[in-house]
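The chain is numbered in sequence order, starting from 1. Keep in mind that the numbers below use all heavy atoms, side chains included, and drop hydrogens, waters and symmetry copies.
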Amino acid sequence: MSNLTTEQTETLCLTAEIAARKYILSKVPLKMVDDLNISVEAEGVKPVNVMVEIDLTLSPKIKNLDNKALVDKAVQKALDASEIFLRNLK
């Protein structure tokens with residue numbers, strides 16, 4: 001695979017962000033999310049390195065939910081979506 005175009009890189013990052021957001025919102029209602037910031041960066045060529053950072057603050061009303069585990073799983077969903085996107089480019 002050659003260098004990703006700017007458009008492909010943007011689409012890759014957006015795909016990863018959507019996957020993470022979708023996962024989090026499938027587990028927690030939006031009204032219970034006080035703050036959600038997802039940052040995705042992609043760099044390099046063969047392999048393309050994708051970095052995902054998620055800052056999540058849930059409402060204090062949410063009890064018995066492991067915030068770190070939720071974020072870790074959302075990061076994994078984002079990376080999985082990135083891998084699928086890159087595989088489909090070939």
Side-chain angles (χ1 to χ4, degrees):
M1 177 192 316
S2 60
N3 286 344
L4 293 177
T5 66
T6 300
E7 184 177 317
Q8 288 170 326
T9 301
E10 289 172 0
T11 303
L12 170 62
C13 292
L14 183 60
T15 299
E17 180 183 341
I18 289 170
R21 186 176 307 275
K22 185 175 177 181
Y23 179 77
I24 290 169
L25 295 179
S26 75
K27 301 297 181 190
V28 180
L30 180 59
K31 65 183 179 184
M32 294 296 177
V33 176
D34 284 349
D35 191 34
L36 174 59
N37 292 306
I38 301 171
S39 172
V40 181
E41 293 181 22
E43 61 183 32
V45 186
K46 257 186 180 178
V48 174
N49 295 312
V50 179
M51 285 92 36
V52 180
E53 288 185 22
I54 300 175
D55 293 320
L56 174 65
T57 305
L58 298 174
S59 167
K61 296 176 185 175
I62 297 262
K63 306 280 191 236
N64 301 324
L65 183 67
D66 186 343
N67 194 39
K68 182 182 180 330
L70 180 63
V71 167
D72 288 348
K73 185 71 173 176
V75 166
Q76 188 57 55
K77 293 287 185 181
L79 294 173
D80 291 347
S82 300
E83 188 175 319
I84 291 167
F85 176 84
L86 290 169
R87 214 176 302 135
N88 288 333
L89 284 180
K90 294 180 180 179

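Summarising the geometry, atom CD1 belonging to I38 is positioned 4.0 Å from atom CZ belonging to R21; distances are rounded to the nearest 0.5 Å. Annotation: the span from M32 atom CE to L30 atom CG amounts to 10.5 Å, rounded to 0.5 Å. Residue T57 holds its OG1 atom at 8.0 Å from CG of N37, rounded to the nearest 0.5 Å. Here CG of L14 is found 11.5 Å from CD of E7. Values are rounded to the nearest 0.5 Å. Taking OG1 of T5 as the start and CD of E10 as the end, the distance is 8.5 Å to the nearest 0.5 Å.
In this structure the side chain of F85 never reaches within 4.5 angstrom of the side chain of S82, judged on heavy atoms. Residues I54 and D72 form no side-chain contact, since every pair of their non-hydrogen atoms from C-beta on lies 4.5 Å or further apart. With a 4.5 Å cut-off on side-chain heavy atoms, L86 and L4 count as touching. Side chains of S39 and D55 form no contact here, defined as non-hydrogen atoms less than 4.5 Å apart. For the pair V33 and L58, the minimum side-chain heavy-atom distance is below 4.5 Å. Side chains of M51 and E43 form a contact here, defined as non-hydrogen atoms less than 4.5 Å apart. Side-chain contact check for V48 versus L12: some heavy-atom pair is nearer than 4.5 Å.
The nearest pair of heavy atoms linking A19 to A78 is CB-CA, 4.1 Å. In this structure, S59 and D34 approach most closely via the heavy-atom pair CA-OD2, 3.4 Å.
Cluster annotation: L65 and V71 are assigned to the same hydrophobic cluster (Ile/Leu/Val/Met/Phe/Trp/Tyr, side-chain heavy-atom contacts under 4.5 Å, transitive). In the hydrophobic clustering of this structure, L89 does not group with I18; members are Ile, Leu, Val, Met, Phe, Trp, Tyr whose side-chain heavy atoms approach within less than 4.5 Å, directly or through other members.
Partners of Q76 according to the side-chain contact (heavy atoms from CB on, under 4.5 Å) rule, which considers only residues two or more places apart in sequence or in another chain, are L79, D80.
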